[in-house]
Amino acid sequence: MSEVFEGYERQYCELSANLSRKCNSAAVLSDQEQKQQKLSEIKAGIDDADVLIRKMDLEARSLQPSVKAVLLAKLREYKSDLNQLKREFKRVTSPNANQASREELLESGNANVHSASAEQRERMAMSVERLNESSDRITESRRTILETEELGISILQDLHQQRETLLHSHKKLHGVDDAIDKSKKVLTAMSRRMTKHKWIIGSTIGALIFAILLILYFKLFHS
């Protein structure tokens with residue numbers, strides 16, 4: 001459910017109940033100045049209600065189809081309610097509104113008052129129920145957000161630990177690479193020394209063999 005839609009819905013319910021009370025009070029006013037002031041307030045309130053209806057309509061149509069269908073059904077009820085308020089306002093602003101209201105009050109007596117009060121109570125009860133439902137949804141949404149936040153923190157902690165482990169492993173591998181490089185250098189140096197020693201030994205053996213052959217030559221041919 002959209003929290004934006006619920007905010008507009010809450011504002012509309014409060015405004016609708018207020019407009020209904022003002023229409024009922026304006027219908028029985030005899031002072032024209034007070035009545036005109038009340039009618040101006042009602043007209044401004046109806047304009048605000050129209051704006052809220054349009055905002056709810058735009059918000060509902062921007063949501064997923066499953067949610068949109070539910071919100072548009074509720075919106076139809078609010079549009080019907082607003083049309084009823086407009087009819088009441090039109091009735092109050094008609095030229096014979098005062099006379100008609102007085103006659104209606106004289107004919108119906110206390111019954112009309114009780115009916116208006118019952119209608120207001122019903123409208124207020126509906127508004128309170130909707131507000132309570134909205135509050136419950138907001139509370140549930142906050143709980144879900146907190147759970148999601150805790151899960152996100154846990155995941156970030158796990159990722160941090162894994163990063164530390166990877167960095168530690170990388171340092172170890174870097175140390176092993178350094179050791180391998182040093183070993184290669186030592187083996188290369190040893191190999192060079194062994195090759196050098198082989199040449200020296202070979203040269204020494206060759207010189208000894210030459211010396212022995214020379215000695216034998218002199219002994220055999222000059223003795």
Side-chain angles (χ1 to χ4, degrees), residues 1-14 48 51-79 128-223:
M1 196 68 67
S2 170
E3 292 187 8
V4 176
F5 185 92
E6 290 175 355
Y8 294 148
E9 180 182 21
R10 187 182 300 107
Q11 294 178 42
Y12 177 81
C13 290
E14 294 175 353
D48 292 340
V51 172
L52 288 172
I53 288 292
R54 287 196 295 270
K55 288 182 178 180
M56 283 191 284
D57 187 48
L58 291 174
E59 176 65 19
R61 294 182 187 279
S62 67
L63 301 174
Q64 297 178 352
S66 58
V67 180
K68 179 171 69 175
V70 176
L71 296 184
L72 288 178
K74 296 176 67 175
L75 189 59
R76 284 192 292 271
E77 296 179 4
Y78 294 141
K79 288 181 179 180
V128 172
E129 183 179 357
R130 288 169 181 166
L131 289 174
N132 289 335
E133 291 177 357
S134 300
S135 298
D136 292 340
R137 295 192 193 100
I138 292 173
T139 302
E140 182 66 20
S141 299
R142 287 177 178 172
R143 186 181 65 80
T144 303
I145 291 172
L146 289 175
E147 292 178 353
T148 304
E149 183 180 359
E150 292 177 356
L151 179 61
I153 293 173
S154 177
I155 292 173
L156 288 175
Q157 290 176 346
D158 292 339
L159 290 175
H160 180 72
Q161 291 178 356
Q162 293 177 9
R163 178 177 178 274
E164 293 294 330
T165 303
L166 290 173
L167 289 174
H168 184 66
S169 300
H170 177 72
K171 290 180 180 179
K172 285 187 176 180
L173 290 174
H174 184 70
V176 171
D177 289 339
D178 291 341
I180 291 174
D181 290 338
K182 290 180 181 178
S183 299
K184 286 182 179 179
K185 291 179 180 179
V186 172
L187 290 174
T188 301
M190 291 176 64
S191 176
R192 289 175 181 174
R193 285 196 295 269
M194 290 177 64
T195 302
K196 183 178 179 180
H197 290 163
K198 286 180 180 179
W199 280 105
I200 294 173
I201 293 172
S203 299
T204 304
I205 292 173
L208 290 173
I209 292 173
F210 178 76
I212 292 171
L213 292 175
L214 186 61
I215 293 170
L216 291 174
Y217 173 78
F218 279 108
K219 283 186 177 182
L220 292 176
F221 295 100
H222 297 282
S223 57

Checklist line | Minimum side-chain heavy-atom gap Ile53-Met56 below 4.5 Å | finding: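 Of all side-chain heavy-atom pairs linking Met56 with Ile53, at least one is under 4.5 Å.
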Give, for atom [atom1] of [X] and atom [atom2] of [Y], the distance between the pair rounded to the nearest 0.5 Å.
X: Leu213; Y: Leu208; atom1: CG; atom2: CG; value: 11.0 Å
X: Glu9; Y: Leu52; atom1: CD; atom2: CG; value: 11.0 Å
X: Asp57; Y: Tyr8; atom1: CG; atom2: OH; value: 12.0 Å
X: Phe221; Y: Leu216; atom1: CZ; atom2: CG; value: 10.0 Å
X: Leu75; Y: Leu71; atom1: CG; atom2: CG; value: 8.5 Å
X: Leu167; Y: Arg163; atom1: CG; atom2: CZ; value: 5.0 Å

Checklist line | Asp178 vs Lys182, salt bridge (charged side-chain N to carboxylate O under 4.0 Å, His left out): CA-CA, chis, key distance, verdict | finding: CA-CA 6 Å; Asp178 291 341; Lys182 290 180 181 178; over 6 Å; no
Check: Under 6.0 Å from the CD atom of Glu164, do we count more than 12 heavy atoms belonging to anything else shown?
Finding: yes
Check: With distance as the sole test, does Tyr78 use its side chain to make a donor-acceptor pair with the main-chain N or O of Tyr12 at under 3.5 Å?
Finding: no
Enumerate, atom names and distances included, each donor-acceptor pair closer than 3.5 Å involving a side-chain atom of residues 189-200, sequence neighbours excluded.
from   : atom 1 : to     : atom 2 : distance (Å)
Thr195 : OG1    : Ser191 : O      : 2.9
His197 : ND1    : Arg193 : O      : 3.4

Margin query: So which atom in Lys68 and which in Leu63 form the shortest heavy-atom distance, rounded to 0.1 Å?
Written below: CB-O, 4.2 Å
Notebook entry, point to check: What's the verdict on side chain to side chain contact (heavy atoms under 4.5 Å, CB included) for Ile205 and Ile201, showing C-alpha distance, side-chain angles and the deciding distance?
Noted result: CA-CA 6 Å; Ile205 292 173; Ile201 293 172; 3.7 Å; yes
